[in-house]
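The structure appears right after this line, and notes come after that.
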Amino acid sequence: MNTLSATLSNGQFNLVYNILSLGLASMLFTSIFLFVGRDRVLPRYRMAVMVSGTVTAIATYHYFRMFDNFNHAFAGMTENNPDAYNVGYRYVDWLLTVPLLLVELVAVLALARAAQSSILNRLVPAAAAMIVLGYPGDAKLDIMGIAPSVWGLLSTIPFLYILYVLFIELGKSLTKQSEAVQRKVKLLRLLLIATWGVYPITFILAMGSTGFNADQFVAREVGYSIADVLAKCLFGLVIFSIARIKSAEESADFAKTEFKD
Ligand code: RET
């Protein structure tokens, strides 16, 4: 495996090193911000903010593991050992964080309990299926001789179902929200589509050859890391701002202390 093409160049090593470092810093400080800012929304929206902080906190742990793992697998660029790099950290991270991201999205809308659980009962299992089916493809596991691209295709089925539920079903419940909230939620959905779409595209870019390919390795780490920062940190911060707008709409007291005019 450790042929010349298995070696990352100096620039490639630094790029992945820096992107994982950026991911770690973003996750850590978004978590702190959200946990500290928890009380700057009405109590009924605190759960959404806390779940957002939990997502980035779980990711902080996994980025720490990935960063450490990367430094061991590609130590000093002279002793590269691509096989020692474990893509499983990302998939365990997603398995925990993707369902929670869906929970925070539904929680901030403060829908009626029945509507909430009906949407989550469909989204959470689909999210788990999407991640579990994608893993053998990304890790290039040989299970029953099924090719990585086929795992990718199978994983796309629940992915499309999630998008359908989010756009069609959640769209229906939007009409009950105020103008300002509707605008933010639409922005949130756009952010979700744009960032979640990066994952399958990255998967395809990194697929190609069997064995290790430095360019594909770099594309995968950069693609997944940027998508993660947007899908977890930026998404969590937009959730926080929706929670604050809704808090101000629902309590004059809150609006007076938190917003000047
Ligand atoms: C895989 C495999 C190829 C097909 C598809 C995939 C989708 C992955 C997605 C991941 C989202 C992760 C998020 C993490 C943030 O915490 C598994 C790459 C469709 C959509 C949002």
Side-chain angles (χ1 to χ4, degrees), residues 19-20 22-24 26-28 30-31 34 48 50-66 86-107 120 122-141 143 146-167 170 188-208 216-217 219-239:
I19 209 88
L20 292 176
L22 171 83
L24 181 53
S26 310
M27 300 301 167
L28 175 60
T30 306
S31 310
L34 290 170
M50 281 164 60
V51 174
S52 306
T54 304
V55 164
T56 49
I58 291 172
T60 301
Y61 167 76
H62 287 108
Y63 268 83
F64 179 77
R65 305 296 305 170
M66 283 187 264
N86 177 8
V87 72
Y89 288 127
R90 286 200 185 273
Y91 279 79
V92 174
D93 180 68
W94 296 346
L95 196 58
L96 298 169
T97 56
V98 174
L100 290 174
L101 282 170
L102 297 167
V103 169
E104 72 188 60
L105 172 64
V106 171
L120 284 179
R122 281 179 285 163
L123 288 182
V124 171
M130 173 181 83
I131 309 295
V132 169
L133 290 170
Y135 176 66
D138 235 336
K140 311 260 164 27
L141 299 184
I143 302 177
I146 298 172
S149 52
V150 176
W151 288 115
L153 270 176
L154 290 174
S155 164
T156 306
I157 300 167
F159 174 67
L160 294 177
Y161 176 71
I162 294 172
L163 295 185
Y164 162 79
V165 174
L166 282 181
F167 273 76
L170 216 61
L188 199 66
R189 271 202 320 204
L190 213 67
L191 182 67
L192 197 141
I193 270 270
T195 56
W196 288 39
V198 175
Y199 294 92
I201 293 170
T202 303
F203 180 94
I204 292 167
L205 289 180
M207 217 164 48
Q216 287 170 354
F217 175 82
R220 186 185 70 186
E221 293 312 307
V222 172
Y224 285 161
S225 299
I226 292 175
D228 264 1
V229 170
L230 299 173
K232 295 184 176 79
C233 301
L234 186 59
F235 191 82
L237 295 172
V238 176
I239 293 270

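Fair warning: this is a prediction, and the values are worked out from it, not measured in the lab. Along the sequence shown, the residues carry numbers beginning at 1. Just so you know, ligand 1 is whichever comes first in the structure, and atom 1 is the first atom listed for that ligand.
Listed by number with element, the atoms of ligand 1 under 4.0 Å from a non-hydrogen atom of Asp228 are 14 (C), 15 (C). When each atom of ligand 1 is checked for a heavy atom of Tyr224 under 4.0 Å away, the hits are 18 (C). When each atom of ligand 1 is checked for a heavy atom of Trp94 under 4.0 Å away, the hits are 14 (C). Near Trp196, meaning under 4.0 Å from any of its heavy atoms, are these atoms of ligand 1: 20 (C), 21 (C). For ligand 1, the atoms sitting less than 4.0 Å from at least one non-hydrogen atom of Thr156 are 4 (C), numbered in the order shown with element in parentheses. Applying the 4.0 Å criterion to heavy atoms of Val98 picks out, from ligand 1, the atoms 12 (C), 13 (C), 14 (C), 21 (C). The distance from ligand 1 to the heavy atoms of Leu101 drops below 4.0 Å at these ligand atoms: 15 (C), 16 (O), 21 (C).
At least one N or O atom of Thr97, backbone or side chain, sits closer than 3.5 Å to an N or O atom of ligand 1.
Atoms OG and CG, from Ser52 and Leu101 in turn, are 8.0 Å apart once rounded to the nearest 0.5 Å.
Residues Leu123 and Leu166 form a side-chain contact, since some pair of their non-hydrogen atoms from C-beta on lies under 4.5 Å apart. Within the 4.5 Å cutoff, the side chain of Lys140 has no heavy atoms near those of the Val87 side chain. In this structure, Leu141 and Tyr135 have side chains that are in contact, with non-hydrogen atoms separated by less than 4.5 Å. Two residues are said to be in side-chain contact when any heavy atoms from C-beta on lie closer than 4.5 Å; Asp93 and Met66 fail this criterion. Side-chain contact check for Ile157 versus Leu133: every heavy-atom pair is 4.5 Å or farther apart. Residues Ser31 and Lys232 form no side-chain contact, since every pair of their non-hydrogen atoms from C-beta on lies 4.5 Å or further apart. Residues Phe159 and Tyr199 are not in side-chain contact: their nearest non-hydrogen atoms beyond the backbone lie 4.5 Å or more apart.
Because its NZ or CZ atom is both nearer than 6.0 Å to the ring centre of Phe167 and within 45° of the ring axis, Arg189 counts as a cation-pi partner of that residue.
From the protein, the heavy atom lying nearest to atom 6 (C) of ligand 1 is Ser155 OG, 3.6 Å. Residue, atom and distance of the protein heavy atom nearest to atom 15 (C) of ligand 1 are Lys232 NZ, 3.3 Å. The single protein non-hydrogen atom nearest to atom 3 (C) of ligand 1 is Phe203 CG, 3.5 Å, given as residue, atom name and distance. Looking at atom 14 (C) of ligand 1, its nearest protein heavy atom turns out to be Tyr199 OH, 3.3 Å.
Using a 4.0 Å cutoff on heavy atoms, Phe235 does not count as a contact of ligand 1.
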